[in-house]
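Presented below is the structure to which this report refers.
This is a predicted model, so every value here is computed, not measured.
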Amino acid sequence: MFVAEAAVSSIFDLVLDKLVAAPLLQYARRHDVEKTLNGWKRDLLDIQAVLTDAEQKQVRSESVKLWLDDLKSLAYDMEDVLDDFNTEANRQILIPSSTTKVHNLIPTCFDACRPTSVKSNAKIGEKIDKISEELDAVAKRRYDFNLREDVGGLSFKMEERLQTTSLVDESGIFGRDAKKEDIVQFLLSDEASRDDTDHVVSVVPIVGMGGVGKTTLAQMIYNDKRLESHFDMRIWVCVSDRFDVVGITKAILESVTHSPTDSRNLESLQNQLKNQLDGKIYFLVLDDVWNEKAQNWDALKAPFRGGAQGSMIIVTTRSEDVASIMRTTSSSHHLDVLSYEECRLLFAKHAFAGMNANIRQQLEPIGMEIVRKCRGLPLAAKTLGSLLHSKQDKNAWNEVLNNDIWDFPNEKSNILPALYLSYHYLPTNLKRCFAYCSIFPKDHKFEKRKLVLLWMAEGLLGGSKKEETMEDYGNMCFNNLLSKSLFQRASDDESGVFLMHDLIHDLAQFVSGKFCSSLEDEKKCRISEQTRHSSYTIAGIFEISKKFDPFYEAHNLRTFLPVPRPYGHSSIYLSEKVSDHLLPTLKCLRVLSLAKYRITKLPDSIGTLKHLRYFDLSHSSITRLPESVTDLFNLQTLMLSNCYFLTHLPAEMGKLINLRHLDVTNNKLKEMPVGMKGLKHLRTLTGFVIGEDSGAKIKELRDMSHLGGRLCISKLQNVVDAMDVLDANLKGKELLDELEMQWDDNSGDRDLQKETTVLEELQPHNNLKQLIIYGYCGEKFPNWLCKHSFTNMVSLHLHKCINCSSLPSLGQLGSLKNLYIKNIHRVQRLGDEFCGNIGQSLLKPFASLETLLGRKPLAAAIDPG
């Protein structure tokens, strides 16, 4: 098999950066480990000199590959120790305790009275000694491989500006028009229904090898306008290698009804589906089917007979055996590889787009030879073409053409050489980001934003420049992987949702090796002491402790990520042994998710996970977080959305000074704790609740100048001093896209003048795109809402503003597309001032308005045309 490329150089860079960080060096001097860390640095620099040659030779040498694996494992251990040191060093600088202050005043006396060496802690001292010993041995082993120093390797840099295309861009699909037309004509013909023995539904298989374009062809057919009008309903379900009859039935039902269901009872689901299909002509695509058991197909198809005659099913599969079980037609549609010319056109579209004509002329002959090596596989041509587009250099293209990887025997690996080359030439930071994605199960759909936050937590975004945020750099990494066809959009209907092709996923698993694990089946457990990142599939409604026994061996685990099955249970019970006994032993965790579990409490020991940077409790039953959560000094992301029983945050939330994202959407918080002003690095704060008697004042938002996305400020009736609102400086928060201002409409006596003043002082930045005002009891809207400067405002909601007798002049908001006006009963008529028809304005009122919802008198008063 190919040798899995460890991408050691990337983690090496991270370790070396930490070894020269000023706070850590000062900490090392104080605690008598400076000499040890300098020794690590010398050895790493010696090894780094031969690293490029080693990463190239591992393709042919198993012993070099094993050496690199040992080196990578050791680099992980070193990074964990350095993260310990760095955490304490920064904690002492940023949150000095009273003890630390005394120590700083009398250092000589203090040092004389206590053991200063970190090694006085037996456990950490033993770990440091072990790393030093292993590093010395690994460094000496490099001489066994005759590795050359300072070997230059071909580098494909990241592209900063990228253009992406939609999922089904038929202008980028070659050689499939005839096959598509054949199948479409068959689906529309009377012959199709006659082919079916049950005289209801025909099953048409598309068979072909991986990467040949079966899914793409099915998408072309599915989106054909003729089929849209011919069938009553169209349904798309990705089946993948686990043929779960209940799950697939549930997926089809939810697609038909457009609503979720928690049922896992097959009889109930099938009866509901049969009723939905009754008398309808439907078109169903079952994509990527692997099931070869006829009884499973018989169980699944039972409700399909409820449809009307002429209903059709397309099945995509790699196996003719699968096709023969499911088809009702006399034969399958076999999809062959592309011809050389078709493959050349596809490669050229991705490799030569926008390229200078002279450069293209030089590169085209090399490219045509690379096309021949793609052997007609669209995925290979597209992926390599996307890679080479970023390197318009003749030497680089020749190196790819002549790489030894092309000649590696096919029988030794199921990884396509062209795909492996696409990975091989990625920048080192992208290699780690890509390999990390192997923890997801096949066909798993992931959100861009969440994946970037995971990368950030794992320390994979260390290459960002000073002037850009880690999130921006992560988005750039993601876009690069998307542009190189290593990610693809899940569907046109799911914005921001992506997945990896099966073969690309195989590649990710292959290159990540034993350091990443995706546990989809407990019986095939692949977790070990060297596993650093792991996800596991939630199989049922009860997660018993025995399932998690293998994790006790993974002392160095960094990622604990449950992944729900598609269309699985919405709420799952977790054994308390996992949260109380297992998790406290995983001291290196950086990512921890307990989302969707019905857990009501967490142990105080959660605060000992000092490496933790990403903590997800969304959709859980948690009622209160332990105060020890505020000891998680490195925490960057805390997800608490849809925690409907959560009423309070920990009192000392302000200690989490590295927190960047706090999502408290849809919960029952009564107030924000005092001290929130310490969270100056927040990029996301979805809600801020103003308490009635205690809790944080709104002015604590003042220094959160980086806030972006959506913010809801609720219980505004509890504002005591209107000047606090001015101090909150909403006008200075230029990154906010959406702002919601809420007053409780069921509260008692209200000070109308104060509310008028509060709303006037709540003026946001002109960049705002959506504004919601709810429950406001003042008698007039603020002057700033009439300003034409809100040029980005596309959506405005005014709801339950019961004392307002007139509406502001909104007609000159030129970008406004959606206007919602509800329960503003005192407004009796709308004059010209509402549309902004005052003076000599040349702007057409409501020039962009698409949606207007409100009471009939209001709706009738506006002509959006």
Side-chain angles (χ1 to χ4, degrees), residues 83 86-87 90 94 433 436-437 439-440 446-462 464 468-475 477-478 496 533-535 557-563 583 586 588-597 599 602 606-607 609-620 622 625-626 628-643 646 649-650 652-667 669 672-673 676 678-688 704 706-712 735-736:
D83 201 46
N86 211 42
T87 298
N90 284 304
L94 297 171
C433 289
Y436 180 79
C437 298
I439 66 171
F440 300 127
F446 49 86
E447 297 176 14
K448 177 180 180 178
R449 181 176 179 272
K450 180 177 179 180
L451 181 56
V452 168
L453 294 179
L454 291 175
W455 285 342
M456 184 173 74
E458 304 288 6
L460 306 184
L461 304 179
S464 57
E468 66 184 349
T469 67
M470 287 188 287
E471 292 85 352
D472 288 341
Y473 184 72
N475 285 326
C477 289
F478 189 99
H533 310 290
S534 181
S535 73
L557 194 69
R558 294 183 172 197
T559 310
F560 186 89
L561 191 66
V563 179
L583 295 182
L586 303 177
C588 296
L589 278 182
R590 292 172 176 236
V591 169
L592 171 60
S593 175
L594 297 172
K596 295 194 175 182
Y597 282 122
I599 52 173
L602 289 170
I606 207 76
L609 303 177
K610 57 184 173 183
H611 297 277
L612 198 64
R613 287 160 165 82
Y614 179 98
F615 193 13
D616 188 357
L617 287 165
S618 56
H619 295 272
S620 72
I622 196 80
L625 296 173
S628 62
V629 164
T630 63
D631 294 330
L632 300 173
F633 176 77
N634 289 308
L635 196 64
Q636 298 168 337
T637 302
L638 180 57
M639 309 294 280
L640 300 171
S641 65
N642 299 291
C643 294
L646 184 65
L649 294 176
E652 295 190 296
M653 281 291 290
K655 288 168 58 179
L656 296 174
I657 59 175
N658 289 305
L659 197 64
R660 300 169 74 89
H661 303 277
L662 175 58
D663 189 346
V664 291
T665 308
N666 293 336
N667 52 38
L669 289 179
M672 309 306 282
M676 290 289 288
L679 307 183
K680 297 178 182 179
H681 296 294
L682 277 179
R683 261 73 181 165
T684 303
L685 176 62
T686 58
F688 190 92
M704 299 181 190
H706 305 296
L707 284 181
R710 183 179 186 276
L711 170 63
C712 173
L735 299 177
L736 276 178

Item to complete: Output all residues satisfying side-chain contact (heavy atoms from CB on, under 4.5 Å) with Thr637, sequence neighbours left out; order by chain, then residue number.
Response: Leu453, Met456, Tyr614, Met639, His661
Discussion item. Among residues at least two apart in sequence or on other chains, which ones pass side-chain contact (heavy atoms from CB on, under 4.5 Å) with Pro562?
Written reply: Tyr536, Ile538, Ser593, Tyr597
Worksheet item: Would you say Leu557 and Ser534 make side-chain contact, with heavy atoms under 4.5 Å?
Response: yes
Worksheet item: So do Thr686 and Leu711 actually touch side chain to side chain, heavy atoms under 4.5 Å?
Response: no
Worksheet item: Atom CG in Leu640, atom CG in Leu669: separation rounded to 0.5 Å?
Response: 8.0 Å
Fill in: CA sep, side-chain torsions, deciding dist, call: Asn658, Leu632, side chain to side chain contact (heavy atoms under 4.5 Å, CB included)
CA-CA 9 Å; Asn658 289 305; Leu632 300 173; over 6 Å; no
Item to complete: Establish, from distance only, whether the side-chain atoms of Asn634 and Thr87 form a donor-acceptor pair under 3.5 Å.
Response: yes
Worksheet item: Does some side-chain heavy atom of Phe633 sit less than 4.5 Å from a side-chain heavy atom of Lys610?
Response: no
Worksheet entry | salt bridge (Lys or Arg N to Asp or Glu O under 4.0 Å) partners for Lys448, two or more places apart | none
Worksheet item: Closest approach of Thr630 and Met653, non-hydrogen atoms and distance?
Response: CG2-N, 3.8 Å
Response to the item:
Rounded to the nearest 0.5 Å, the CG atom of Leu617 sits from the CG atom of Leu638 at a distance of 7.0 Å
Practice prompt. Report yes if some heavy atom in the side chain of Met676 is under 4.5 Å from a heavy atom in the side chain of Met704; otherwise report no.
Written response: yes
Practice prompt. Go through the steps to decide whether Ile439 and Thr559 satisfy the test side chain to side chain contact (heavy atoms under 4.5 Å, CB included), and finish with yes or no.
Written response: CA-CA 9 Å; Ile439 66 171; Thr559 310; 4.1 Å; yes
Fill in: Contacts of type ring pair (Phe, Tyr, Trp, His ring centres under 6.0 Å), residue Phe440, not counting sequence neighbours
His444, Phe446
Fill in: Exercise: identify the closest heavy-atom pair between Gly678 and Ile657
O-CG2, 3.9 Å
Worksheet item: Do Leu594 and Ser620 have side-chain heavy atoms sitting under 4.5 Å apart?
Response: no
Practice prompt. Only one of Val591, Asp83, Leu659, Leu592 passes side-chain contact (heavy atoms from CB on, under 4.5 Å) with Arg613; say which it is.
Written response: Asp83
Fill in: Rounded distance [0.5 Å steps], CG in Leu454 versus CD in Gln636
11.0 Å
Worksheet item: Going by heavy atoms in the side chains, are Leu682 and Leu707 under 4.5 Å from each other?
Response: yes
Worksheet item: Could you go step by step and tell me if Leu609 and Phe560 meet the side chain to side chain contact (heavy atoms under 4.5 Å, CB included) rule?
Response: CA-CA 12 Å; Leu609 303 177; Phe560 186 89; over 6 Å; no
Fill in: Spatial distance of atom CG (Leu685) from atom CG (Leu736) [nearest 0.5 Å]
9.5 Å
Fill in: Steps toward side chain to side chain contact (heavy atoms under 4.5 Å, CB included) verdict (Phe688, Cys712)
CA-CA 6 Å; Phe688 190 92; Cys712 173; over 6 Å; no
Worksheet entry | For Arg590, side-chain hydrogen bond (donor to acceptor under 3.5 Å, both in side chains) partners two or more places apart | none
Worksheet entry | For Arg683, side-chain hydrogen bond (donor to acceptor under 3.5 Å, both in side chains) partners two or more places apart | none
Worksheet, complete the sentence: Between the CG atom in Asn667 and the OG atom in Ser641, the distance rounded to the nearest 0.5 Å is 8.5 Å
Practice prompt. Would you give the length of the straight line joining atom CG of Leu635 to atom CG of Leu612, rounded to the nearest 0.5 angstrom?
Written response: 6.0 Å
Item to complete: Just jot down the side-chain hydrogen bond (donor to acceptor under 3.5 Å, both in side chains) partners of Asn86, sequence neighbours excluded, or say none.
Response: none
Fill in: Residues in side-chain hydrogen bond (donor to acceptor under 3.5 Å, both in side chains) contact with Ser618, at least two apart in sequence or another chain
Asp616
Fill in: Residues which pass salt bridge (Lys or Arg N to Asp or Glu O under 4.0 Å) with Arg558, listed by chain and number, not counting sequence neighbours
Glu79, Asp80
Discussion item. Quick check: do Leu679 and Leu656 have side-chain heavy atoms less than 4.5 Å from each other?
Written reply: yes
Discussion item. Suppose we screen for salt bridge (Lys or Arg N to Asp or Glu O under 4.0 Å). Which residues come up paired with Glu471, at least two apart in sequence or across chains?
Written reply: Arg660
Discussion item. Just to verify, what does Glu447 make a salt bridge (Lys or Arg N to Asp or Glu O under 4.0 Å) with, not counting sequence neighbours?
Written reply: none
Worksheet item: Between Cys433 and Leu461, is any pair of side-chain heavy atoms under 4.5 Å apart?
Response: yes
Fill in: side-chain contact (heavy atoms from CB on, under 4.5 Å) partners for Ser628, two or more places apart
Asp604, Ile606, Pro626, Asp631
